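When reading the values below, keep in mind they use all heavy atoms of this one structure, side chains included, and skip hydrogens, waters and symmetry mates. Bear in mind the structure is a predicted one, so any value in this text is a computation, not a measurement. Order of the sequence lines fixes the chain letters, A, B, ..., with proteins taken first and strands second; residue numbering starts at 1 for each chain.
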There are 2 protein chains.
Amino acid sequence: MKQGKITIIDIAEKTGLSKGTVDRVIHNRGEVSAKSREKVLKAIREFGYEPNLHASLLASGHRKNVVLLIPSPASGSFWTLSAEGMKKAAETVGPLGIDCKTVTYDQYDLASFRVACDLVLDSHPDGVVLAPMFHYESFSLGERLHAERIPFVLVDSKIENKNYLAYFGMQEYASGYLCGDQLSQGKTMERVLIVRISPDRDRQADPTAGRRTGFLDYLAEHCPGCEVIQTFVHPSDPVQIRQAMEEVYAAHPDIRHIVMFNSRIHRIVPFLEAHPDPQRRVVGFDNLAENMAALRKGTISVLIGQRPGEQVARAIQALADYLLLDKKPAQKDNHVHMDILTRYNIDYY
Amino acid sequence: MKQGKITIIDIAEKTGLSKGTVDRVIHNRGEVSAKSREKVLKAIREFGYEPNLHASLLASGHRKNVVLLIPSPASGSFWTLSAEGMKKAAETVGPLGIDCKTVTYDQYDLASFRVACDLVLDSHPDGVVLAPMFHYESFSLGERLHAERIPFVLVDSKIENKNYLAYFGMQEYASGYLCGDQLSQGKTMERVLIVRISPDRDRQADPTAGRRTGFLDYLAEHCPGCEVIQTFVHPSDPVQIRQAMEEVYAAHPDIRHIVMFNSRIHRIVPFLEAHPDPQRRVVGFDNLAENMAALRKGTISVLIGQRPGEQVARAIQALADYLLLDKKPAQKDNHVHMDILTRYNIDYY
DNA sequence: TGAATTTCCGTGCACGTTCACGGAAAAAAT
DNA sequence: ATTTTTTCCGTGAACGTGCACGGAAATTCA
């Protein structure tokens, strides 16, 4: 079909009303009699009127702004990848009348998240992209946004709040299961080391729990009797990490399979390189620069990527579609592909 | 920075000229003195003028149309995936004033390609997305488009013509190399079967040659002395295919590694399922529905995906950016990621 | 019945470009 | 110096929608 040439004025003529009235019913802002309203609605349906985006944006000059609320992208961390996606998306929706900005918080500090939430609300955004790290507070932010009729999109992980416009993230459980297959290469394993980040009391949401469950299920189904060793390391302190690893290694010198379910696998790379073992298989998550470097060197066997940049880009796009064309996304829950990254395909990621 | 509030009229005032003149230099359509031209250009740079897309599109009401020239997407074939990407991209650029349509040809019939080329040129498109199957004719189409100043973007494979605006495709050589690693799982192989499509005289371009080279290089480096067996099958005739496979199998009953470099690996699935072998490893290319089904069942071990939909979507986007904002893509040659697909991550592709 | 409300609706300008038209200024020809 | 041509530039009407303003019609009140 040809693009709708019919304008708001055509509708006005067909109905014998004026464009002002037609405009009022389109944006249903009242001051229209029920009868006229019906007539206009009918004509719109009948003649297939579609608003001209450009004329609309031009006339109502004001730009919309969406804010992205994510943990601070420390250099080289997972969230820098998200920030990059945001930048790219901002470029595409910018000329369409959407301004993007970012508000960050410390993902290990609940108070900073609360501050960030208030900041977001105070800026009266037209839309929000949220990476929820703290369950309860994210939920309540969702409630507050919903109360102000501000649409929000979730990335990375979900919360129970059902008011979100859309969600973009990785299938947690399935990625853990996949991880099992990549670690084992389909053969049975006898002993597996899971390296975990020390739990943080304030941190209420653990996005890696689902992955761990999927992984353990894979083990149960494909490697019955496999011994699972777990060790906990500090999120950043290299000395503590090294020491913890050395201890496990001393206790189990024959460990050949190592896995981490968060993006910090690069933290144990120094240890791994101090104890080289060509037979060893190491699987981690996310395409951080340091992870990729270790992958190229062969220290890490496989990374599972979730395209964080694409997640936020799609989130912003969804928000733009909603704000501009008020088109809701086809499905609320969208899962990005789980990328298997090896040294042979990492260079074109 | 705030979004450029300065308009063409501001520039006019700054320079003491009129908006008409400013407009003329912006679209450099002549009829302006060198002096005025310089003044305007300087002011534009100085004050950072950026054209308002909406006003522009609104005023110059005419829509642009781009055409996608690809092989006929036979049901379930590789090109249906491209067509889907086109559909999605069309939805996003549609409201921006770009109409997309598709012209198809028989990828095994040169004459049909010639006809398609003429069809494309006769429709006087504003931009073209081209999947070149026939080298020489594609080259000459490129020349003709360039002569008419019609920008074109290549997908899937490249041609020598340097006038293309951009290229989106997979790294052929690297994907073959990757294929070797996935087939062998890092261990040395002793015997490998490569299944190829019978060469077609008229078909001048073979996109799989690069993959084969990469694969053989992997073999040379990691599996020295590995025996390579090749067999040729008809592109579609199931009977011939089955027979050819049976013959190879009879001659080499101990084949454990099978690979195909085109998207037709599903053609040998019936054979594979008639001769089950849990030890066997099979690697193919592209996420056709039938390939994916075989992957789920375990008949195929790994598929290497190249996101054909994303390729054309990005191609169309690049064309749109050029036509609308006349912004050239950051880099001409863009390689999409080589996806490793297994039964464990295929469901969210 | 007339006045005071309330409800509803039409008018007209603005948004930033594009582009055809026509005219002034400069250059060339007589 | 006058006419003709060329070069250059300003003007103003679209494009389709948003929205403020004011006024007509319908309703309520006195």
>> Here's a test of your reading of the structure: between B:A59 and B:S36, which maps to the more 5' nucleotide of DNA chain D?
In response: B:S36

> Tell me: CG of A:L58 to P of D:dC19, nearest whole Å?
Replying inline: 12 Å

> Is the shortest distance from a Lys or Arg side-chain nitrogen in B:D99 or B:R63 to a carboxylate oxygen in the other one below 4.0 Å?
Replying inline: yes

> Are B:R149 and B:D126 ion-paired here, with the side-chain N under 4.0 Å from a carboxylate O?
Replying inline: no

> Do the side-chain N or O atoms of A:S18 get closer than 4.0 angstrom to the phosphate oxygens (OP1, OP2) of C:dG10?
Replying inline: yes

> Atom CD1 of B:I6 and atom P of C:dC15: how far apart are they, to the nearest Å?
Replying inline: 16 Å

>> Suppose we call a contact any N or O donor and acceptor under 3.5 Å apart; does that hold for the side chain of B:K19 and the base of C:dT18?
In response: yes

> Is a donor on one side and an acceptor on the other found under 3.5 Å between the side chain of A:T21 and the backbone of A:L17?
Replying inline: no

>> Heavy atoms only, 4.0 Å cut-off, all strands: where does A:G16 land among base, sugar-phosphate and nothing?
In response: sugar-phosphate

> Is a donor-acceptor contact shorter than 3.5 angstrom present between the side chain of A:R24 and the base of D:dG18?
Replying inline: no

>> Side-chain N or O of A:T21 versus OP1/OP2 of C:dG10: is the shortest distance under 4.0 Å?
In response: yes

> Whole Å only: how far is the CG atom of B:L324 from the P atom of C:dT18?
Replying inline: 12 Å

> Is there a donor and acceptor pair, one atom on the side chain of A:R29 and one on the base of D:dG18, closer than 3.5 Å?
Replying inline: no

>> I'd like to know if the side chain of A:S72 and the backbone of A:T104 have a donor-acceptor N/O pair within less than 3.5 Å.
In response: no

> For the pair made of CG in B:L96 and C1' in C:dT17, what is the distance, rounded to whole Å?
Replying inline: 16 Å

> What nucleotide, of C:dG16, D:dC8, D:dT17, holds the atom closest to the side chain of B:A55?
Replying inline: C:dG16

>> Just by distance, no angles: are the side chains of A:D333 and A:Y164 close enough, under 3.5 Å, to form a donor-acceptor pair?
In response: yes

>> From OH of A:Y49 over to P of D:dG16, roughly how many Å is that when rounded to an integer?
In response: 10 Å

> If you look at every strand shown and take non-hydrogen atoms under 4.0 Å, does B:H54 touch a base, only sugar-phosphate, or nothing?
Replying inline: nothing

> Within this structure, what is the CD-to-P distance between A:E13 and C:dG10, rounded to whole angstrom?
Replying inline: 12 Å

> Choosing from C:dT17, C:dC8, D:dC19, which nucleotide comes nearest the side chain of A:S33?
Replying inline: C:dC8

> Just how far, in rounded Å, is C1' of D:dC15 from CG of B:D23?
Replying inline: 14 Å

> If you pin A:N52 and A:E31 to their nearest nucleotides in DNA chain D, which one's is more 5'?
Replying inline: A:N52

> Expressed in angstrom and rounded to an integer, what is the separation of B:H27 atom NE2 from C:dG16 atom P?
Replying inline: 16 Å

> With a non-hydrogen cut-off below 4.0 angstrom, is B:L17 in contact with a base, only sugar-phosphate, or nothing?
Replying inline: sugar-phosphate

